[in-house]
Structure formats: C-alpha cells, structure tokens
Amino acid sequence: MAQKTHYCGKLTIDYVNREVKLTGWVGKRRDHGGLIFIDLRDRSGQVQLVFDQRQGTELFTLAESLRSEYVIAVEGTVLRRSEETVNPSLPTGEIEVRVGSMEVLNTSKTPPFYIEDNINVDENLRLRYRYLDLRRPEMLRRLQLRHRAVKLIRDYMDRYDFLEVETPILTRSTPEGARDFLVPGRQQAGEFYALPQSPQLFKQLLMVSGIERYFQVVRCFRDEDLRADRQPEFTQVDIETSFFSMDNLFALTEGLVAGLWKELHGREIKRPFTKMPYQEAMNRYGTDKPDVRYGMELVGLDEQAGKSEFKVFKSALENGGAVKGLRLPGGSRLSRKDLDDLTLLARQFGAKGLAWAYVESEGWRSPISKFFDEAVIKEINTKMEAETGDVLLFVADRWHISCTVLGHLRTKFAPANLQEEPHFLWVVDFPLFHYNEEEQRYDSDHHPFTAPREEDMPLLDSDPLSVRAKAYDLVLDGVEIGGGSMRIHDSSTQAKIFGLLGLSEEEGREKFGFLLEALTYGAPPHGGIALGLDRLIALLSGDDSIRQVIPFPKTATASCLMTGAPSAVSDQQLEELRIKIEAKKEDK
RNA sequence: GGAGCUGUGGUGUAGUUGGUUAACAUAUCGGCCUGUCAAGCCGAAGAUCGCGGGUUCGAGUCCCGUCAGCUCCGCCA
C-alpha cells in the first residue's frame, strides 16, 4: 500500500468526502457486531475508523481480527458525522473515515499497560517498556516540546552569531568536581578517558581560538547519586563568550529563557531578572536557590541571642556562628511530637538541635523561655513579626548551617497554592572558595577557573574565604536552572588560584598545563554559562521529575531497566583492556 | 554511605486482631449486539501475594534479611 496521504489527527471537516490513506496503531476498539469503530492513532493524534458489515464481509472479517496496537494501513473516505454522533472532545470528532480497504502491517501482543494519557502504573513497567510508554500522547508531546525548545535555542543563538561547536566525549579526567565516568583505553591499556562533566576547558580553549561566541547543546556526565532532577547523563545548553560583560551575558541569557517561556508557555517574562547576592539569599532564604514566591524569610537574631542566658546560642556566637529564626505562621497546630520530628529533620540537615517556641498571648511556651528576659522575648517577637498562634524555630550553629537548616524547613512549610507566575532570579557574588574541612584546604565554590571580583583581588592573600567570585546562578522558583562565571584569562592569576587550592605548580601543569599554556597566547577576557536543558523542559511541561522529559532515563541506581545497563562484559573484552574484576567483598 | 515509602492475577487496588476457596475494577479470551467514542449485555480464563529465611497448629498479614522502584540527606567544582 502506498504511503499515507494524511496524519490521523489532522483530519477535520475540511477534508469531508476526500479519499485518504492512513497508517497507524489500533487504539480503542468498539465492536457492535455488524459495525466496528476503531480509534486509529499516529504521531499526530487519532481519528475514528468505521467498518460496516453491509459493505463487504472480507474487509469486515479482517476488521474483527484487529486488536490493540496492531499496525494497519487503510484507505477510505472522510465523512461528516451526523450531528448526534459528533464527539466534541476530539479535534477529529466531527468526522470519521469509512474504510474501503485495509492492510494489517503487523500484529501486537497485548501491551503491559494502557497506551493512553494519565495512566497510573509503576514506573518500573514504564521504564522497562519505555518504547511503549513513549507511544502515549503525553510522552510524545514532551518529546515535541523538547524538540521545539532546542530548535528555538539554536535559532536564537544563531541569530546572535553564536557558533555551535562539538567537543570531545572521550576526554581527560580532571581533579575536583563530581566523580568522573571512566572509559578504559585499549591502546594505552591501564589508562582511562573520562566522560565530560561539562565541556568547561574546551569551551575556554575555543575562546582562545577566537571563536568569540560558542554554544553547544551537549550531553554531560557525572557519576553521583541521582535525584528527581539529576541523572548521570544530562543535557546542557553550554555557552561561552569573549569580550562580554556579565551584564551582556545576563541580557543574552534572559532573552533566551524569556523567549522559551513566551513561545512554549505563552508567558511574558519581565526583564531584566532580579539579582540577589549570595549572602542575601542565604540570610533571607537559607539557600542559594531561593523560591521567592512566598515570604517566611529567615531572621537574624545574633543581637538578641547575645542578650540571652542560653548557652547553646551564646557559644554559637562566640565561635563565630549565627543564630537564625524561622516563623511558622499558625504553627500552634503543630504538636509537641511534630516539633520533635522537625528536630530530627533539622539534625539530618546538619544542625545539632532545633529550638522552638509557641507564641502565646502571655509570652512563649518553650523549654528555652527561661533563658530569656521578657524584654528580649518581646524584641524577638517584634523582629520576627510573631503573632499569637505562631511557632518560632531557632537554629544556632555555624552561619552556613543555621541558614541552610532553616532554609530546608522553610520549604517544608511552603504554602500549597503558589502562584504560577515564574520568578527568575540571578544569584550573584558567590564566594570564590569554601573551606573543605575534611581535607583542610580551600575548594573552589564554582570551579577553579572562575575569576574573582577585581576589588576583592587583594583579599586573595589576606582572607581568601571572603573573596567574591564573578559567578552566578540562574534560579527559577527554587530550582537552579543554570550557572556560570567570568573566567580567569591570565596565566599568573590562574596559577595563583591553583596554589590556593593546594595544587602544586607541578600538579597544575600536569592536570591543566594545556590551559595555563593557552592563557599565555593572547587569551581574551571570557565567560559563560550552562543551562540545564532537562530541568528547563521539565519546568515548561510542569513535570516534577526530569525523567519525564528524557526519552530513556536511568533509575535511582543508575541502571536502565530496558537495556539492563550497566552489565558485565566478556573476559575477552576485559583482557584487551587489561582489567581484572575484584571479587565482591563479603561481609565478615 | 544513611533514612523513609512502596511491592497482591496483564494493569490499578482491597484484604480486619494471623484462621476455610485471596476480593473488586479494568484489560484479555469466547458469545450476542449497526452509531459507539470509558460502548453495552452474558460467560470464561487468569495469583507460588517481589525473593529468601524465621516465629506459629496455621503467614498476603508478625519478625529478620535481601532485591527492585520512588523520595530525601550526604554527594552533585
């Protein structure tokens, strides 16, 4: 049978009386004895086929044999449905196709779940039979959304003279950052390639090459534990520019993202996006990716805590820490048990404990109220805008912990019905370093190629932890959707940073020598950003997990239920690579 | 590495304080049926209750272990 002439879902009243050839899959079948209705589905949607016994028994017998997911090709006539048989809930509901001839191209086993939207099936099954899952219209729509987003991105970047350049997938393992996926080399048996965590070094080298404006829609790999918004392989929209100021880059990114939301979500996004320093984000929201759609901001209580007799608070302050408070409006509905559970939760987030107080008309009902003068309690109530019926939570610890613990608790008590208007936010002025307690040294907060702010350069020697970086994250309603920085473009500053990170000159040369060398050959000032494409698509489609917008995702244990990857390999393969597998350690 | 939740016909669920034959819906198969679109009516088949061990006269149910999926903490420059 010849190629199809039309897509099922595109047939409308305009095609009445036309002869059409259609191909697709058998969906629902309604067999009335002498009359059979078939919903024929293809990529575009579905249309109702009609088989009438009175029009010939041979075709009708064939129609009776049709089952779910059989693949068929039909020729027939588009007919207007009579008024009372119109189905207003279908785009093709005003017409149907009276079939004149049919070929069964393939049969099908009964699928393990329904091929329709809004199914409630174990994700196990969907992943094992992902090719069937992707037949469902809602999954197809996600693939289409993703396609359109990527096309918009490529068109936008092209319009601004950006060049898409491919970078290696087999590359070199570098220290720092996430755990690498390693690929054993055969020609250099015993040595390994790494899959890129991002094309970071290559895109900087492309700037040295004079590309000036680079982008790539690129797969990245990180061998870390998974989450709803983290897969071991994921896609970034990777961007790097030369001679761009931070503001240039922000404007470019905002235009890109706002364009996606306008075209794919029908929403005008106000620009420029708000900017918030990291310190402020932490102090007010207890996270570097704040959801600013609701208040419940953290309150700094160092001054008031200092006036108390509560040892926990005082010693936290004496050790240079901070006391922070979070007000739970109407928290009095929480039981003592609820607060105990919250305390456990706070411990999981790293706090040593959680102090709390029920706000009542006479004062606080709290195990710690005895350590506070009435005046101080009043002061705290005022500062936290506490009202009778609230519960106040306090954490006293190192500043970072006090903030993040309450930040986590804040999100737990987020209002249920948050407005849908998206709030994009730049978080800026990240610290260049943080202190790695385990290894007793500084670590890059972003990555080791991030430029410090010029005015903070002198602090590199005196107080490295207070040096601010030219680094930024793009945040949407509590989700980090991208991040980047301006890079160091002179080799002496880069060598200095490596030094502070505890990389000896030799190690720096060994691991990154090619970059240091490149920086000596006229490297332009440059910087960039990477956006998490999977997260962007999930936000656009309203999904909680990026698995929904990745055609073939991995499970929480990083395995693929369809292919069974990862899997054992043959002894011969291992021998070629000179790899020996150690027996699993038995518990003794 | 850690915590929590889930696992019962193909699928989604129910299953009481441990007690006879594991229930319901849907899908599947067969019959009837010419205007359905969640088609309808009648009938049939379909489960070693994730897996292993234990307690018990007796385990889907209680205990221990284990596997898988999901969510979170740690981790993710």
Side-chain angles (χ1 to χ4, degrees), chain A residues 27-40 46-55 60 64 67-69 79 81-90 92-93 96 98 109-116 118-129 174-180 197-198 200-201 220-232 234 341 344-351 404-405 408 411-412 430-434 436 438 442-450 469 471 480 483-485 497 501 530 532 544-545 547 553-557 559 561 587:
Chain A
K28 284 268 166 52
R29 176 175 55 106
R30 293 174 293 280
D31 184 346
H32 288 236
L35 187 70
I36 299 173
F37 300 100
I38 299 283
D39 291 333
L40 185 67
Q46 65 174 55
V47 70
Q48 173 163 283
L49 306 180
V50 188
F51 295 88
D52 191 327
Q53 194 166 30
R54 294 182 299 217
Q55 302 199 290
F60 194 79
E64 281 180 317
R67 293 295 181 269
S68 287
E69 301 309 310
L79 296 180
R81 296 198 198 180
S82 67
E83 197 127 336
E84 65 276 12
T85 61
V86 163
N87 184 346
S89 56
L90 280 179
T92 59
E96 62 195 7
R98 182 152 299 241
K109 293 208 288 185
T110 302
F113 48 83
Y114 307 118
I115 310 297
E116 60 188 33
N118 304 313
I119 54 171
N120 174 24
V121 198
D122 195 36
E123 202 173 347
N124 248 319
L125 260 196
R126 290 178 53 205
L127 291 177
R128 165 127 191 259
Y129 298 97
T174 52
E176 307 226 16
R179 192 176 295 115
D180 283 323
Q197 299 178 22
S198 84
Q200 183 59 39
L201 292 167
C220 302
F221 306 86
R222 292 177 192 175
D223 187 7
E224 298 292 347
D225 287 349
L226 289 82
R227 289 285 189 283
D229 62 354
R230 270 165 33 190
Q231 285 271 306
F234 60 99
D341 290 344
L344 282 176
L345 201 59
R347 288 219 175 89
Q348 280 173 28
F349 292 131
T404 53
V405 169
H408 275 118
T411 61
K412 270 207 86 78
F430 280 86
L432 189 63
F433 303 110
H434 58 259
N436 185 328
E438 270 173 46
Y442 300 116
D443 266 350
S444 288
D445 203 74
H446 186 55
H447 59 54
F449 321 111
T450 303
E480 181 197 329
S485 63
I497 298 292
L501 292 172
D544 293 330
S545 163
R547 286 190 305 277
K554 307 270 189 298
T555 68
T557 52
S559 51
L561 296 180
D587 290 347

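Everything numeric here is computed off the predicted structure, so don't read it as measured data.
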Student: Could you check which of B:U11, B:C76, B:A39 has an atom nearest any side-chain atom of A:Ala178?
Tutor: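 Of B:U11, B:C76, B:A39, B:C76 is nearest to the side chain of A:Ala178.
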Student: Decide, applying a 5.5 Å centre-distance limit and a 30° plane-angle limit (both strict), whether A:His32 stacks on B:G35.
Tutor: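 A:His32 vs B:G35: stacking no.
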Student: What nucleotide, of B:G10, B:U71, B:C37, holds the atom closest to the side chain of A:Ser545?
Tutor: B:U71
Student: Would you please confirm or rule out a distance under 4.0 Å between OP1 or OP2 of B:U36 and any side-chain N or O of A:Arg30?
Tutor: no
Student: Pick base, sugar-phosphate or nothing for A:Ile119, based on heavy-atom distances below 4.0 Å to the nucleic acid.
Tutor: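 No contact at all - A:Ile119 keeps every heavy atom at 4.0 Å or more from the nucleic acid.
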Student: Under 4.0 Å: is that the gap between some side-chain N or O of A:Ser559 and OP1 or OP2 of B:G69?
Tutor: yes
Student: Between CZ of A:Phe37 and NZ of A:Lys28, what distance do you get to the nearest 0.5 Å?
Tutor: 15.0 Å
Student: Please report the distance, rounded to the nearest Å, between CD in A:Gln46 and C1' in B:A38.
Tutor: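 Distance, rounded to whole Å: 13 Å.
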Student: Base, sugar-phosphate or nothing for A:Arg67? Non-hydrogen atoms, less than 4.0 Å.
Tutor: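 Sugar-phosphate: the residue A:Arg67, judged by heavy atoms under 4.0 Å, touches backbone atoms but no base.
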Student: Which heavy atom of A:Pro448 sits nearest a heavy atom of A:Ile497, and at what distance?
Tutor: O-CG2, 3.6 Å
Student: Check ring-ring contact (aromatic ring centres under 6.0 Å, His included) between A:Phe113 and all other residues, then give those that pass, not counting sequence neighbours.
Tutor: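 Residues passing ring-ring contact (aromatic ring centres under 6.0 Å, His included) with A:Phe113: none at all.
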Student: With rounding to whole Å, what would you report as the distance between B:G58 and B:G74 at their P atoms?
Tutor: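 It comes out at 47 Å once rounded to the nearest Å.
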Student: Indicate, with a heavy-atom threshold strictly under 4.0 Å, whether A:Gln48 touches base, sugar-phosphate, or nothing.
Tutor: base
Student: Which listed nucleotide (B:C73, B:G12, B:U28) is nearest to the side chain of A:Asn120?
Tutor: B:G12
Student: Side chain of A:Arg230 only, heavy atoms from C-beta on: which candidate in B:U28, B:C37, B:G74 is closest?
Tutor: B:G74
Student: According to the interplanar angle, ranging from 0 to 90°, do the rings of A:His408 and A:Phe349 count as parallel (below 30°), tilted (30 to 60°) or perpendicular (above 60°)?
Tutor: parallel
Student: Give one of base, sugar-phosphate or nothing for A:Asp225, where a contact means two heavy atoms less than 4.0 Å apart.
Tutor: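 Counting heavy atoms under 4.0 Å across all strands, the contact made by A:Asp225 includes a base.
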Student: Mapping A:Asn87 and A:Leu226 to their closest nucleotides on RNA chain B, which lands nearer the 5' end?
Tutor: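 By nearest-heavy-atom nucleotide position, the 5'-most residue is A:Asn87.
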Student: If each of A:Asp443 and A:Asp229 is mapped to the nucleotide of RNA chain B with the nearest heavy atom, which maps nearer the 5' terminus, i.e. the 5' end?
Tutor: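 Final value for this comparison: A:Asp229.
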Student: Could you check A:Arg230 against A:Asp225 for salt bridge (charged side-chain N to carboxylate O under 4.0 Å, His left out), going step by step and ending with a plain yes or no?
Tutor: CA-CA 8 Å; A:Arg230 270 165 33 190; A:Asp225 287 349; over 6 Å; no
Student: Rounded to whole angstrom, note down the C1' distance from B:C57 over to B:G18.
Tutor: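 Nearest-Å result for B:C57 against B:G18 at atom C1': 12 Å.
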Student: Counting N and O atoms only, with roles assigned by atom type, does the side chain of A:Glu96 sit under 3.5 Å from a partner on the main chain of A:Arg81, one being a donor and the other an acceptor?
Tutor: no
Student: Give a yes/no answer on whether the side chain of A:Arg227 brings an N or O atom under 4.0 Å of OP1 or OP2 in B:C70.
Tutor: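 Answer is no, no contact under 4.0 Å.
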Student: Take atom C1' in B:C29 and the same atom in B:C72, then report the distance between them in whole Å.
Tutor: 45 Å
Student: Can you confirm whether A:Gln197 sits close enough to A:Asp180 that some side-chain heavy atom of one is under 4.5 Å from a side-chain heavy atom of the other?
Tutor: yes
Student: What's the closest nucleotide to the A:Phe349 side chain, out of B:C73, B:G35, B:C70?
Tutor: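 Closest of the options to the side chain of A:Phe349: B:C73.
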Student: Contact class for A:Glu96 (heavy atom, under 4.0 Å): base, sugar-phosphate, or nothing?
Tutor: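 Answer is base: heavy atoms of A:Glu96 come under 4.0 Å of a base.
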Student: Is A:Arg29 near enough to B:A27 that one of its side-chain N or O atoms lies under 4.0 angstrom from OP1 or OP2?
Tutor: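 The answer is no; no side-chain N or O of A:Arg29 sits under 4.0 Å from OP1 or OP2.
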Student: Mind checking A:Gln200 for me? I need base, sugar-phosphate or nothing, with any heavy atom below 4.0 Å counting as a touch.
Tutor: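 Answer is base: heavy atoms of A:Gln200 come under 4.0 Å of a base.
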Student: When the C1' atoms of B:G53 and B:U71 are considered, how many whole Å apart are they?
Tutor: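 So the two C1' atoms sit 29 Å from each other.
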Student: How far apart are the closest heavy atoms of A:Ala556 and A:Leu226, and which atoms are they?
Tutor: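 Heavy atoms of A:Ala556 and A:Leu226 come nearest at O-CD1, 3.6 Å.
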Student: Tell me which nucleotide, if any, is Watson-Crick or G-U wobble paired with B:U13 when both distances must be under 3.5 Å.
Tutor: B:A23
Student: Looking at the side chain of A:Tyr114, which of B:U11, B:G35, B:C70 is the nearest nucleotide?
Tutor: B:U11
Student: Provide the distance between the two P atoms, one in B:G12 and one in B:U48, to the nearest whole Å.
Tutor: 15 Å
Student: Paired with B:G65: which nucleotide, if any, by Watson-Crick or G-U wobble criteria at under 3.5 Å for both distances?
Tutor: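 Per the H-bond distance test, B:C51.
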Student: Across the strands shown, which category fits A:Phe113 at heavy-atom distances under 4.0 angstrom: base, sugar-phosphate, nothing?
Tutor: nothing
Student: Which nucleotide wins on minimum distance to the side chain of A:Asp52, given the candidates B:C70, B:U28, B:U34?
Tutor: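 Nearest to the side-chain atoms of A:Asp52, counting from C-beta on, is B:U34.
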Student: Check whether any side-chain nitrogen or oxygen of A:Thr557 sits under 4.0 Å from OP1 or OP2 of B:G69, and answer yes or no.
Tutor: yes
Student: Expressed as a whole number of Å, how far does the C1' atom of B:G50 sit from that of B:G60?
Tutor: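 Nearest-Å result for B:G50 against B:G60 at atom C1': 12 Å.
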Student: Applying the Watson-Crick and G-U wobble criteria at under 3.5 Å, what pairs with B:G40? Answer none if nothing qualifies.
Tutor: B:C32
Student: Rounding to an integer number of angstrom, what distance separates B:U20 and B:U13 when you compare their P atoms?
Tutor: 25 Å
Student: Which nucleotide sits closest to the side chain of A:Asn124: B:A68, B:U34, B:G35?
Tutor: B:A68
Student: Tell me what A:Asp445 touches on the nucleic acid: a base, only sugar-phosphate, or nothing, going by heavy atoms under 4.0 Å.
Tutor: sugar-phosphate
Student: Tell me whether the OP1 or OP2 atom of B:G69 has a side-chain N or O from A:Thr555 closer than 4.0 Å.
Tutor: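 Answer yes for this pair, as a side-chain N or O of A:Thr555 is under 4.0 Å from OP1 or OP2.
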Student: Taking side chain as C-beta onward, heavy atoms only, is A:Glu64 less than 4.5 Å from A:Phe51?
Tutor: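 Result no, sub-4.5 Å side-chain heavy-atom pair not found.
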Student: At 4.0 Å (heavy atoms only), tell me whether A:Thr174 reaches a base, stays on the sugar-phosphate, or touches nothing.
Tutor: nothing
Student: Looking across every strand, which nucleic acid part, if any, lies under 4.0 Å from A:Arg128 by heavy atom: base, sugar-phosphate, or nothing?
Tutor: nothing
Student: In whole angstrom, give me the gap between the P atoms of B:U28 and B:U11.
Tutor: 14 Å
Student: Specify the separation, in whole Å, of atom CD of A:Glu116 and atom P of B:U26.
Tutor: 14 Å
Student: Nearest to the side chain of A:Leu127, which nucleotide is it out of B:C70, B:A68, B:C37?
Tutor: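 Closest nucleotide among those given: B:C70.
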